[in-house]
Amino acid sequence: MGAPRKKPAVTTATPLTEYQSYHAIIRQIPRGSVLTYGDVAQLAGRPGSARRVGYSLAALKDQTVPWWRVVNARGEISERSGDFMGAAQVEQRVSLLREGVEFDADGKLDLARYRRGAPG
DNA sequence: ATTCTGACTTGGG
DNA sequence: CCCCAAGCCAGAA
C-alpha cells in the first residue's frame with residue numbers, strides 16, 4: 001500500500017490506565033455500600049490483581065473517588081504503610097459511619113449486608 | 001534497560 | 001481462629 005503510515009494527526013484517546021479503570025469502578029459505588037479490593041479488580045476484568053487496587057488508591061490524587069468504600073475481603077478497613085497512628089483508617093471508618101455503615105466490636109462490617117448488590 | 005514494591009486474595013495446614 | 005506461600009503486574013526509582 002502506498003503512503004507510509006504517519007503519526008495520527010489527532011492524539012488518540014489514551015486508554016485508561018489500569019489505575020483509572022479501578023477508580024472509575026469505585027466512583028460508582030453508591031453511598032452506604034462497599035466493595036472489596038477483589039471485587040473492584042474483578043469488575044475491572046483483572047481478577048487476581050486485588051493488591052494493585054489498593055496500590056492505585058495509595059497513589060490517588062483524585063478527590064472525587066470515594067476510596068473509603070473499599071474494604072478488604074474480611075470486611076475490615078485495611079492498614080496502610082506510613083499511616084501515622086492509623087489516622088487514615090479512622091478517617092475511613094468515620095466516612096463509612098456517616099453513610100450509615102455499622103461496625104461490630106471487632107471493627108468489622110457485615111459484607112453480606114453492605115457489599116454493593118447485597119440485599120438489605 | 002532492570003529491580004523493587006505493595007490500602008489484597010485464596011487456599012492449605 | 002491463626003499463620004504462611006504463592007499469585008498478581010503496573011508504577012516508581
Side-chain angles (χ1 to χ4, degrees):
Chain A
M1 318 303 144
R5 253 181 197 298
K6 296 204 168 163
K7 208 161 57 144
V10 183
T11 305
T12 318
T14 306
L16 290 185
T17 65
E18 182 189 3
Y19 288 6
Q20 290 174 319
S21 70
Y22 296 146
H23 297 166
I25 286 164
I26 294 169
R27 262 194 287 264
Q28 328 239 357
I29 305 175
R31 246 186 68 100
S33 295
V34 301
L35 232 41
T36 68
Y37 295 92
D39 290 338
V40 175
Q42 187 146 30
L43 288 169
R46 309 190 74 110
S49 296
R51 226 173 160 193
R52 305 177 39 62
V53 172
Y55 196 36
S56 83
L57 291 181
L60 191 63
K61 286 170 187 166
D62 185 342
Q63 287 296 323
T64 71
V65 178
W67 54 268
W68 60 89
R69 295 180 188 145
V70 184
V71 298
N72 69 29
R74 298 183 324 196
E76 299 167 329
I77 292 172
S78 293
E79 263 183 69
R80 325 103 165 85
S81 57
D83 180 20
F84 182 69
M85 301 300 284
Q89 280 182 298
V90 172
E91 183 187 354
Q92 181 167 6
R93 174 151 169 175
V94 169
S95 297
L96 287 172
L97 284 170
R98 271 201 311 244
E99 299 187 345
V101 174
E102 295 175 50
F103 292 82
D104 66 18
D106 298 318
K108 299 179 20 172
L109 57 79
D110 185 359
L111 277 179
R113 182 174 168 193
Y114 298 110
R115 199 176 211 161
R116 193 189 65 181

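Just so we're on the same page: letters track the sequence lines, and every chain starts at 1.
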ask   = At their closest point, which heavy atom of A:A41 faces which heavy atom of A:A50, and how far apart are they?
value =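 Heavy atoms of A:A41 and A:A50 come nearest at CB-N, 3.7 Å.
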ask   = Closest heavy-atom contact between A:Q28 and A:R116?
value =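 For A:Q28 and A:R116, the tightest heavy-atom pair comes out as O-NH1, 4.0 Å.
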Counting only heavy atoms and a strict 4.0 angstrom limit, can you tell me which residues of [range] come near DNA chain B?
range	value
residues 80-92 of chain A	A:R80, A:S81, A:Q92
residues 22-37 of chain A	A:T36, A:Y37
residues 54-75 of chain A	A:G54, A:L57, A:A58, A:W67, A:N72, A:A73

Residues in side-chain hydrogen bond (donor to acceptor under 3.5 Å, both in side chains) with [X], at least two apart?
X	result
A:R115	A:D39
A:E99	A:W68, A:R69
A:Y22	A:E18
A:S78	A:N72

message = Among residues at least two apart in sequence or on other chains, which ones pass salt bridge (charged side-chain N to carboxylate O under 4.0 Å, His left out) with A:E91?
response =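 By the salt bridge (charged side-chain N to carboxylate O under 4.0 Å, His left out) rule, A:E91 matches no residue at all.
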ask   = Would a 4.5 Å heavy-atom cut-off, applied to side chains only, mark A:V34 and A:L111 as touching?
value =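 The answer is yes; the side chains approach within 4.5 Å.
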request  = Using side-chain contact (heavy atoms from CB on, under 4.5 Å) as the criterion, list what pairs up with A:A88, not counting sequence neighbours.
outcome  =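 If we apply the side-chain contact (heavy atoms from CB on, under 4.5 Å) test to A:A88, skipping adjacent residues, the hits are A:R80, A:D83.
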task = Write down the distance between CD (A:E79) and P (B:dG6), rounded to a whole number of angstrom.
result =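 That distance rounds to 13 Å.
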query = Within this structure, what is the CG-to-P distance between A:D106 and C:dC1, rounded to whole angstrom?
reply =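 About 8 Å, once rounded to whole Å.
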key: Pairwise side-chain hydrogen bond (donor to acceptor under 3.5 Å, both in side chains) hits with a residue in residues 53-66 of chain A, at least two apart   =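 Sorted pair list: A:H23-A:S56, A:R27-A:D62, A:R27-A:T64, A:D62-A:T64.
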ask   = For the atom pair CD1 (A:I25) and CG (A:L43), what is the distance rounded to the nearest 0.5 Å?
value =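 A:I25 CD1 to A:L43 CG: 5.0 Å, rounded to 0.5 Å.
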ask   = In Å, rounded to the nearest 0.5 Å, how long is the span from CG of A:L57 to CD of A:Q92?
value =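 With rounding to 0.5 Å, CG (A:L57) is 9.0 Å from CD (A:Q92).
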Check nucleotides 3-9 of chain C against the protein and report each pair of N or O atoms closer than 3.5 Å, with its distance, or say if there are none.
{"residue": "C:dG7", "atom": "O6", "partner": "A:R51", "partner atom": "NH1", "Å": "3.4"}
{"residue": "C:dC9", "atom": "O2", "partner": "A:R52", "partner atom": "NH1", "Å": "3.0"}

Side-chain donor/acceptor pairs under 3.5 Å, residues 100-109 of chain A, sequence neighbours excluded:
{"residue": "A:D104", "atom": "OD1", "partner": "A:D106", "partner atom": "N", "Å": "2.8"}
{"residue": "A:D104", "atom": "OD1", "partner": "A:G107", "partner atom": "N", "Å": "3.1"}
{"residue": "A:D104", "atom": "OD1", "partner": "A:K108", "partner atom": "N", "Å": "2.9"}

